[in-house]
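Written below as structure tokens is the structure these notes are about.
By convention in this document, chain letters (A, B, ...) are assigned in the order of the sequence lines, proteins followed by strands, and residues within each chain are numbered from 1.
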Protein chains: 2
Amino acid sequence: MKKRTFKDNIYSGIAGMTKAFSSPNRLEIIDLLANGEKTVEQIAVQTAITVANASQHLQVLKTSRLVKSRREGTFIWYSLNGVNAFAAWKALRDLALELEPAVQATLRQFRQEMGSPGSVHYNNHPANEQILFLDVRPTDEFAAGHLPDARSIPVGELSERLTELPRDKTIIAYCRGPFCTYADEAVQLLRANGFQALRLEESYLDLKIDHN
Amino acid sequence: MKKRTFKDNIYSGIAGMTKAFSSPNRLEIIDLLANGEKTVEQIAVQTAITVANASQHLQVLKTSRLVKSRREGTFIWYSLNGVNAFAAWKALRDLALELEPAVQATLRQFRQEMGSPGSVHYNNHPANEQILFLDVRPTDEFAAGHLPDARSIPVGELSERLTELPRDKTIIAYCRGPFCTYADEAVQLLRANGFQALRLEESYLDLKIDHN
DNA sequence: CCGTAATTAAAGTATTTGTTTGAATAATTG
DNA sequence: CAATTATTCAAACAAATACTTTAATTACGG
């Protein structure tokens, strides 16, 4: 094999895999699946596309091996194929957050419109008994992995379950990642009800991959 | 801003940046620039494309902020724009090496045809005085950063400079990364001349990014 | 003003991409 | 086995891009 052929083959192969990452809908699906397996319809609902379209995108992701699937009855459950797939998504995400002004601006503006709740990074949160980590993702995602000592209340149930939460602690809510709005909604609701609440910048997955 | 608008904007923004990564030629340019700044003509020669074509790809990379440039006289020197750009490339590269059989097979086959020199990972190299790390990249890339205690002999000069190398040590050659052939060529040459020689799997950049 | 380095506009060619529609498949249930 | 549910798939459509080359142009230095 010639040196040039070798390089052409290698870089073409990687570029082929990279193409699976370069569609907005597919990125949203990857971001979603990182938090736990989902059926096609769940994916379609969450990303606001049709089931058929979601299925098409999932075939692309499956062909490039970024996701895998298993059948259970009439359902097919999709999930990310390994931690490296999440690592690549995270690298691209963080790169865009660093270098792409449009992405930065959109995030800043949205947070501001949500009332700019204020946020903490995990690495410098006050490590005492005055705080409570609240996981506001669906319970199955919590079950698939969560922060140590976090409590689980899905954002949809939060308004009816406020009595479960302590009023003498600062509640630090987290969800799927920087583009998930659940934590913002939770903090907004908690503050409206007199709680001390903040958003955690990192998701469980971000922390897991950093501190491996 | 509606939740859906927010997500659409965010994922579109990231996908836009990701598209810069999804061309074989651009990936090769990124891989090259990671090791140090280069002029347009150097890039064109190394990647075996025309200067005009290289320039076109560089504009794409510059627009998406993956590379930056500075002028020096009539030359324009391009380089990667920050360590996160390299981190994203590395993540995509490692993902393909893990999941894409075509990439794995091409690499395996090429190494085999080069005489399958044998290789070591940095993390389990014998840490004693019986080894010598040899950086076979161009001197300017060595100057931009290299392994501690590594010696620099560009692969093109190696055959004339064999007398500089000790015969009582195992020589561990490294270059730009897994798809760079310089180290393979160096090991081949060294072995043909009776030296003990191995290829280091990691590049300087891989080790630099891992260990902090 | 000439030479070198690089960019750019334009043109051409080819390919691809995302989505929808409607039919088909696959497993479960009654 | 028929009906139901979840999903896939083939086909088609409509845009949109992507890559490369050519030739003219800009930018700088001497």
Side-chain angles (χ1 to χ4, degrees), chain A residues 4 7-9 11-30 32-33 37-79 140, chain B residues 4 7-9 11-30 32-33 37-79 140:
Chain A
R4 186 37 46 199
K7 296 203 171 183
D8 287 349
N9 288 347
Y11 291 111
S12 296
I14 304 176
M17 169 157 276
T18 305
K19 281 205 174 71
F21 281 103
S22 50
S23 142
N25 281 332
R26 285 200 294 275
L27 286 181
E28 189 170 356
I29 292 173
I30 290 167
L32 184 62
L33 292 183
E37 58 179 9
K38 296 266 180 297
T39 68
V40 179
E41 211 204 332
Q42 290 176 325
I43 293 164
V45 169
Q46 285 274 339
T47 59
I49 59 179
T50 64
V51 167
N53 195 10
S55 181
Q56 300 280 30
H57 283 303
L58 286 163
Q59 300 321 306
V60 174
L61 291 170
K62 207 176 166 185
T63 301
S64 54
R65 279 165 260 263
L66 297 185
V67 309
K68 58 180 193 275
S69 64
R70 67 179 182 88
R71 182 179 273 276
E72 190 181 295
T74 55
F75 294 93
I76 294 183
W77 293 87
Y78 281 91
S79 55
D140 58 325
Chain B
R4 184 41 41 203
K7 296 203 173 186
D8 287 347
N9 288 346
Y11 291 110
S12 296
I14 304 176
M17 168 157 275
T18 306
K19 281 204 175 70
F21 280 102
S22 49
S23 143
N25 281 332
R26 285 199 293 275
L27 287 181
E28 189 170 357
I29 292 172
I30 290 168
L32 184 61
L33 292 184
E37 58 178 8
K38 296 268 181 295
T39 68
V40 179
E41 211 205 331
Q42 289 175 328
I43 293 165
V45 169
Q46 284 276 338
T47 59
I49 59 179
T50 64
V51 168
N53 195 11
S55 182
Q56 300 281 26
H57 283 303
L58 285 165
Q59 299 322 305
V60 174
L61 291 170
K62 209 176 163 184
T63 301
S64 54
R65 280 163 259 263
L66 297 185
V67 308
K68 59 178 192 279
S69 65
R70 67 180 182 88
R71 182 179 273 276
E72 190 181 295
T74 55
F75 293 93
I76 294 183
W77 293 88
Y78 281 93
S79 55
D140 58 324

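Map A/Ser22 and B/Leu58 each onto its nearest nucleotide of DNA chain C; the residue landing nearer the 5' end is B/Leu58. The residue among A/Lys19 and A/Trp77 whose nearest nucleotide of DNA chain D is located toward the 5' end is A/Trp77.
OP1 and OP2 of D/dA6 both lie 4.0 Å or more from every side-chain N or O belonging to A/Tyr78.
Between the CG atom in A/Leu33 and the CG atom in A/Leu61 there is a gap of 8.0 Å [rounded to 0.5 Å].
Applying the side-chain hydrogen bond (donor to acceptor under 3.5 Å, both in side chains) criterion to B/Asp8, with sequence neighbours excluded, gives B/Arg4. Partners of B/Thr74 according to the side-chain contact (heavy atoms from CB on, under 4.5 Å) rule, which considers only residues two or more places apart in sequence or in another chain, do not exist here. Considering only residues two or more places apart in sequence or on other chains, A/Thr50 meets the side-chain contact (heavy atoms from CB on, under 4.5 Å) condition with A/Ala52, A/Asn53. With sequence neighbours excluded, the residues that form a side-chain hydrogen bond (donor to acceptor under 3.5 Å, both in side chains) with A/Glu37 are A/Arg70. Listed by chain and number, the residues in a side-chain hydrogen bond (donor to acceptor under 3.5 Å, both in side chains) with A/Ser69 are A/Lys62 (sequence neighbours excluded). A/Arg71 meets the salt bridge (Lys or Arg N to Asp or Glu O under 4.0 Å) test with no other residue; sequence neighbours excluded. Under the ring-ring contact (aromatic ring centres under 6.0 Å, His included) criterion, A/Tyr11 pairs with B/Phe179, sequence neighbours left out. Evaluation of the side-chain contact (heavy atoms from CB on, under 4.5 Å) rule for A/Ser12 yields B/Pro24 as partners, not counting sequence neighbours. By the side-chain hydrogen bond (donor to acceptor under 3.5 Å, both in side chains) test, A/Glu41 is found to be paired with no residue, residues two or more places apart in sequence or in another chain being considered.
Here D/dA10 presents its P atom at 10 Å from CD of A/Gln59, a figure rounded to the nearest Å. For the pair A/Arg70 CZ and D/dA6 P, the interatomic distance rounds to 16 Å; values are reported in whole Å.
The backbone N or O of B/Val51 sits nowhere less than 3.5 Å from a side-chain atom of B/Ser55 that would complete a donor-acceptor pair.
Looking at the side chain of A/Glu41, the nearest of the listed nucleotides D/dC19, D/dA6, D/dC9 is D/dA6.
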With sugar-phosphate taken as primed atoms, P, OP1 and OP2 and all else as base, the protein-contact string of nucleotides 20-30 of chain D at under 4.0 Å (heavy atoms; B, S, -) is SBB----SBS-

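In secondary-structure terms, DNA chain C builds stems of at least 3 consecutive Watson-Crick or G-U pairs, each pair having both distances under 3.5 Å, at C:1-30 with D:1-30.
You can see that DNA chain C meets the heavy atoms of chain B within a 4.0 Å-exclusive cut from C/dT4 to C/dA10, reading 5' to 3'.
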